[in-house]
Asker: 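The following block contains the structure, expressed as structure tokens.
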There are 2 protein chains.
Amino acid sequence: MTVRHTHVAGRCDRVAPVLARIGDKWAVLVVVLLADGPVRFNELKRRIGVISQRMLTFTLRALERDGLVVRTVHASVPPKVEYALTPLGQSLLEPISHLSQWAVDHADEIEASRAAFDGEDAREVAE
Amino acid sequence: MTVRHTHVAGRCDRVAPVLARIGDKWAVLVVVLLADGPVRFNELKRRIGVISQRMLTFTLRALERDGLVVRTVHASVPPKVEYALTPLGQSLLEPISHLSQWAVDHADEIEASRAAFDGEDAREVAE
DNA sequence: CAGTATCCGCAGAGATACTG
DNA sequence: CAGTATCTCTGCGGATACTG
């Protein structure tokens, strides 16, 4: 029984939580939007466009909890809260961009494959 | 209004579906398990350990549809179905391993941050 | 062995309304 | 402005049973 795992040494349960966060569509979006610098809550909401404030709050809390984002409250009226990437959060930008690059590079292949797959299905049914 | 996006040129809607697939915990696991070569259905199920056959089937169908995995039926009794990575699927291993590496490298930081975050919460409540 | 079909529970996410 | 609090509904995913 050969156990030659190609995957990175280190238990899967270390990796899983991170993957889950990446999979969270809002989380990644927020991280990318914060790449250029701090952004305020409602500004963030506006840029994302469709997100509910509930989900944005949850997403930011999760990112803050994981140490990827810092929340800074400026004591003023009206209140001003800015969110920014921590160094850890910034370091995540790199692997994310690798992945994004892959996605962009192969988007056409994937789409074609899907079309082919769905096409076969339709033909089977038709016969 | 400066629009200096750091993220990869190419619309987000191209990237989102891929991120969703990565976020699918089963999908990534399966891809990694297929890294060393073709594996049969039940063998895959056994290695994953906890997955329901329903989810495994769905996951494999999705991966097949996206062209990341090929399904090969060997006409025999009992039936034998093998799943293997396509070249496209193999190419995904690279960005995944980058991400995994990041996860492993920063797992401790993240965990510490979580503990600190949760600790503050508990203290606030206690006071 | 390798699935498909069906039922069901519960967490995730939206909509809405209210507050410091 | 930046949230919290509820209420609700959808759909992911597990358990189970059946089939080629």
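In what follows, every chain begins at residue 1, and chains take the letters A, B, ... in the order their sequences are listed.
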Asker: Between D:dT6 atom C1' and A:Phe58 atom CZ, what is the distance in whole Å?
Answerer: 11 Å

Asker: Establish, yes or no, whether a centroid distance under 6.0 Å links the rings of A:His106 and A:Trp102.
Answerer: yes

Asker: Considering all heavy atoms of both residues, which atom of A:Ala35 and which atom of A:Leu93 are nearest to each other, and what is their separation?
Answerer: CB-CD1, 3.9 Å

Asker: I'd like a table of donor-acceptor pairs (distance under 3.5 Å, sequence neighbours excluded) in which one partner is a side-chain atom from residues 51-60 of chain A, with atom names and distances.
Answerer:
{"from": "A:Ser52", "atom 1": "OG", "to": "A:Met55", "atom 2": "N", "distance (Å)": "3.3"}
{"from": "A:Thr57", "atom 1": "OG1", "to": "A:Gln53", "atom 2": "O", "distance (Å)": "2.7"}
{"from": "A:Thr59", "atom 1": "OG1", "to": "A:Met55", "atom 2": "O", "distance (Å)": "2.7"}

Asker: Quickly work out the A:Met55 CE to D:dT10 C1' distance and round it to whole Å.
Answerer: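 That distance rounds to 14 Å.
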
Asker: Under 3.5 Å, is there a donor-acceptor pair between the side chain of B:Asp66 and the main chain of B:Leu68?
Answerer: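 Checking the backbone N and O of B:Leu68 against the side chain of B:Asp66, no donor-acceptor pair under 3.5 Å is found.
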
Asker: When you check the gap from the basic side-chain N to the acidic O, do A:Glu111 and A:Arg114 get nearer than 4.0 Å?
Answerer: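 Salt bridge between A:Glu111 and A:Arg114, a charged N being under 4.0 Å from a carboxylate O: no.
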
Asker: If you pin A:Ile51 and A:Pro79 to their nearest nucleotides in DNA chain C, which one's is more 5'?
Answerer: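 The 5'-side residue here is A:Ile51.
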
Asker: Nearest whole Å is fine: how far is D:dC12 P from B:Arg21 CZ?
Answerer: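 Rounded to whole Å, this separation is 12 Å.
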
Asker: Honestly curious: do A:Val70 and A:Val32 fall in one hydrophobic cluster under the side-chain, below-4.5 Å linking rule?
Answerer: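 No, because A:Val70 and A:Val32 fall into different hydrophobic clusters, even though each may have its own neighbours under 4.5 Å.
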
Asker: Scan B:Arg54 against the nucleic acid and name what it touches under 4.0 Å (heavy atoms): base, sugar-phosphate only, or nothing.
Answerer: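 Base contact - B:Arg54 has a heavy atom under 4.0 Å of at least one base atom.
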
Asker: Taking heavy atoms of chain B and a 4.0 Å limit, find me the 5'-most and 3'-most nucleotide of DNA chain C within that range.
Answerer: C:dC1 to C:dT6

Asker: Identify the heavy atoms of A:Gly67 and A:Thr86 that sit nearest to each other, and give their distance.
Answerer: O-OG1, 2.6 Å

Asker: Using a 3.5 Å limit on both distances, find every run of at least three consecutive Watson-Crick or G-U pairs that involves DNA chain C.
Answerer: C:1-20 with D:1-20

Asker: In terms of the angle between their ring planes, are B:Tyr83 and B:Phe41 parallel, tilted or perpendicular, with boundaries placed at 30° and 60°?
Answerer: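 Tilted, since the angle between the ring planes falls between 30° and 60°.
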
